[in-house]
Protein chains: 2
Amino acid sequence: MLADVARYAGVSTATVSRTLNEPDKVSAQVKARVQTAVKKLTYVPHGAARALASQRSHATGIVVPTLRAGLFAEGVEALQRRLEGSSYTLLLASSQYDPQIELKEVHTLVEQGVDGIALVGNSHLQQVYDLLRGKRVPYINTYFYTKDSPHPCVGVDNRAATYRLTKILLDLGHQDFSIIASPTQNNDRAAERIAGVRACLAEHDVKLSPSRILEVPNQISDGRAALKALLDAAPSITAVLCRRPFRSPQSRRCGATKAVDHRIR
Amino acid sequence: MLADVARYAGVSTATVSRTLNEPDKVSAQVKARVQTAVKKLTYVPHGAARALASQRSHATGIVVPTLRAGLFAEGVEALQRRLEGSSYTLLLASSQYDPQIELKEVHTLVEQGVDGIALVGNSHLQQVYDLLRGKRVPYINTYFYTKDSPHPCVGVDNRAATYRLTKILLDLGHQDFSIIASPTQNNDRAAERIAGVRACLAEHDVKLSPSRILEVPNQISDGRAALKALLDAAPSITAVLCRRPFRSPQSRRCGATKAVDHRIR
DNA sequence: TTGTACGCGTTATCAT
DNA sequence: ATGATAACGCGTACAA
């Protein structure tokens with residue numbers, strides 16, 4: 001502990017603490033002695049003690065629906081790498097798309113004293129927001145963005161994106177649409193994407209019956225089956241708005257959704 | 001804090017602490033009062049203080065090479081889910097297959113006071129092991145297993161697996177082998193897989209020239225290109241030991257590697 | 001620039 | 001069963 005280092009270096013614990021946290025406020029002479037002592041004793045600061053004394057944990061948290069989606073796995077890794085440079089650690093939790101589990105995870109993270117927390121999407125239990133506000137824990141909703149969100153958020157404006165995609169397809173002359181979407185249960189991003197399409201079509205008086213919107217799991221095989229089902233039921237379809245398998249960052253440049261605007265088959 | 005709850009419930013902080021941690025040692029009467037107070041004040045324990053006093057953080061850490069590999073993403077998620085039940089949190093770090101970064105990450109985790117740590121593979125800088133032993137932090141190497149490992153480890157015995165696969169191919173009559181492998185740089189699992197094949201072939205006096213072993217990135221496109229290159233260079237090849245894209249748990253049942261034992265093309 | 005000493009919020013020991 | 005109180009290891013006014 002600090003005391004050992006202090007004794008070894010022949011200084012006070014305060015000085016050791018300073019050399020570690022505010023090196024400028026220490027003379028070169030003493031600084032050197034302390035640093036030697038630190039190495040000699042392989043001193044490792046006690047995070048909990050430090051957190052208790054300074055009231056900050058040097059840890060942040062993120063809770064994602066799942067890591068099985070490449071999208072989130074990559075986001076988590078990116079965050080961790082960014083944090084690494086600042087000697088901040090990342091507490092990870094996953095909710096399995098279950099709001100209750102998410103609440104529990106957030107609570108655990110708050111208990112651990114994270115200095116900030118990242119969530120996915122904008123829809124969370126009121127208790128989550130209450131807890132965060134109550135404990136004054138900064139938070140941000142990711143993978144989501146709307147101009148008028150009441151919460152801090154960063155990400156794709158899914159609704160706007162699909163609105164634009166749909167507009168393009170309309171301009172190309174398409175009139176017969178359908179959507180292969182992700183399950184919208186506890187997934188506001190997926191819901192927003194559908195909403196964007198509906199809004200655009202409605203604005204242009206193009207019909208989109210519920211049967212043309214298929215919500216299926218994010219597996220390639222499910223998407224394939226859905227497409228087949230759609231075309232079997234309505235061969236007249238010329239435009240399908242669908243997801244795309246997650247690949248490299250480059251291949252994602254165009255946004256959250258891919259539009260197929262050529263004749264199928 | 002505890003004191004507030006204690007005051008509200010009209011008991012000492014010690015009693016509050018007990019009702020929270022050792023409910024049995026508290027009378028039903030008092031327990032009820034305390035629990036009401038806790039809810040009324042939305043009390044949330046201070047993790048750092050608790051860690052400092054009890055000398056355990058209720059946190060564990062894992063450092064993986066990357067989350068971009070579905071294999072690791074899934075492992076991390078599985079660990080997190082398992083921990084969730086025990087109200088343990090997971091500190092996540094990724095090393096990008098860089099031993100130095102890994103050392104740094106481990107150091108950060110130790111600093112945070114994790115109660116235990118999981119690594120990937122068996123090959124780590126000596127300093128990593130020294131640090132872990134020095135600070136008495138329990139650790140385990142995952143995605144790796146050999147009977148005689150000097151370190152605690154759990155996972156696939158890659159060498160044994162590929163040895164057996166190769167044996168099967170030999171028994172089927174194959175004599176002309178090649179391997180499409182992952183980069184073995186800082187990846188003892190990949191190295192072990194190759195070693196297993198070599199060992200088996202050597203034992204049966206079958207040659208495998210270095211040019212028949214291609215180490216390429218874990219992308220489907222890279223694997224495809226490698227296969228093409230191999231067959232162009234040596235059409236006589238009848239068996240290729242290669243990786244396979246990560247899918248669902250079910251499809252992984254057979255082990256770490258896939259063997260192609262039919263004629264190609 | 002350096003040292004002293006108190007406080008951070010719990011747990012745990014020892015009385016009661 | 002419950003309470004008083006001393007650690008836990010460090011940061012940080014405040015003093016020197």
Side-chain angles (χ1 to χ4, degrees), chain A residues 1-38 41-59 87 89 108 110-115 134-137, chain B residues 1-38 41-59 87 89 108 110-115 134-137:
Chain A
M1 24 178 273
L2 260 197
D4 297 328
V5 180
R7 197 175 319 118
Y8 189 97
V11 299
S12 71
T13 60
T15 299
V16 177
S17 179
R18 278 192 214 97
T19 43
L20 260 37
N21 304 317
E22 318 164 284
D24 319 317
K25 297 188 177 181
V26 178
S27 73
Q29 301 279 341
V30 176
K31 199 186 311 186
R33 287 224 309 282
V34 172
Q35 284 163 347
T36 318
V38 166
L41 305 178
T42 62
Y43 167 72
V44 176
H46 192 294
R50 190 203 287 258
L52 182 55
S54 67
Q55 296 294 64
R56 40 209 320 262
S57 64
H58 273 267
S87 77
T89 52
T108 306
V110 171
E111 226 175 290
Q112 285 285 343
V114 292
D115 294 338
K135 296 300 171 191
R136 300 259 151 66
V137 178
Chain B
M1 23 176 274
L2 259 197
D4 298 330
V5 180
R7 197 176 320 119
Y8 190 97
V11 298
S12 72
T13 60
T15 298
V16 177
S17 178
R18 273 193 290 265
T19 49
L20 261 35
N21 303 317
E22 318 164 284
D24 320 316
K25 298 187 174 179
V26 178
S27 72
Q29 300 280 342
V30 175
K31 198 186 315 189
R33 287 224 309 283
V34 171
Q35 284 163 346
T36 319
V38 166
L41 305 179
T42 63
Y43 167 71
V44 176
H46 192 295
R50 190 202 286 256
L52 181 57
S54 67
Q55 296 295 61
R56 44 207 318 262
S57 65
H58 272 268
S87 76
T89 53
T108 305
V110 170
E111 223 174 293
Q112 285 285 342
V114 291
D115 294 338
K135 295 299 172 191
R136 300 260 152 65
V137 177

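Below, all heavy atoms of this structure are taken into account, side chains as well, without hydrogens, waters or symmetry copies. To find a chain, count down the sequence lines: A is the first, B the second, and so on, and within it residues start at 1. Being a predicted model, the structure only gives us computed values, none of them experimental.
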Is the NZ atom of A:Lys135 crowded by more than 12 outside heavy atoms at less than 6.0 Å? yes
What integer distance in Å separates A:Arg50:CZ from D:dG11:C1'? 10 Å
Using whole Å, what does the distance between atom C1' of nucleotide C:dT1 and atom CD of A:Gln29 come to? 12 Å
Whole-Å distance between C:dT10 C1' and A:Gln55 CD? 13 Å
With rounding to the nearest 0.5 angstrom, report the CZ to CG distance, A:Arg7 to A:Leu2. 11.5 Å
Could you tell me the separation between the OG1 atom of A:Thr15 and the CG atom of A:Leu20, rounded to the nearest 0.5 Å? 11.5 Å
Which distance, rounded to the nearest 0.5 Å, do you find between the CZ of A:Arg50 and the CD of A:Gln55? 14.0 Å
Considering heavy-atom distances to DNA chain D, does B:Val30 or A:Pro45 have its closest nucleotide positioned more toward the 5' end? B:Val30
B:Ser54 has its side chain closest, among C:dT10, D:dG11, C:dA12, to C:dA12
If you look at every strand shown and take non-hydrogen atoms under 4.0 Å, does A:Val16 touch a base, only sugar-phosphate, or nothing? nothing
Counting the atoms with a prime plus P, OP1 and OP2 as sugar-phosphate, which does A:Ser27 contact under 4.0 Å by heavy atoms, base, sugar-phosphate, or nothing? sugar-phosphate
Quick check for you: among C:dT10, D:dT12, C:dG3, whose closest atom lies nearest to any side-chain atom of A:Ser12? C:dG3
Among C:dG3, D:dG11, D:dG3, which is the nearest nucleotide to the side chain of A:Arg18? C:dG3
Applying the Watson-Crick and G-U criteria (both distances under 3.5 angstrom) with [ ] for crossing and | for other-strand pairs, one obtains for DNA chain C ||||||||||||||||
Can you figure out which of C:dT2, D:dG3, D:dC10 approaches the side chain of B:Val11 most closely? D:dG3
As a quick check of understanding, evaluate side-chain contact (heavy atoms from CB on, under 4.5 Å) for A:Val34 and A:Val11, giving each step before the final call. CA-CA 8 Å; A:Val34 172; A:Val11 299; 4.1 Å; yes
State which of C:dT10, C:dC8, D:dT12 makes the closest approach to the side chain of B:Ala49. C:dT10
Would you kindly check whether a donor in the side chain of A:Arg56 faces an acceptor in the base of D:dG11, or vice versa, at under 3.5 angstrom? no
Please report the interatomic distance OG1(B:Thr36) to CG(B:Leu41), rounded to the nearest 0.5 Å. 10.5 Å
Rounding to a whole Å, what distance do you find between A:Glu22:CD and D:dT12:C1'? 8 Å
Could you work out which one of D:dG9, D:dG3, C:dT4 sits closest to the side chain of A:Ala14? C:dT4
From C:dT11, C:dG3, D:dC8, nucleotide with atom closest to B:Leu52 side chain: D:dC8
Would you check, one step at a time, whether the test side-chain contact (heavy atoms from CB on, under 4.5 Å) holds for A:His58 with B:Glu111? CA-CA 11 Å; A:His58 273 267; B:Glu111 223 174 293; over 6 Å; no
By nearest-nucleotide position on DNA chain D, the 5'-leaning member of B:Thr15 and A:Ala3 is B:Thr15
Just how far, in rounded Å, is P of C:dT2 from NZ of A:Lys25? 13 Å
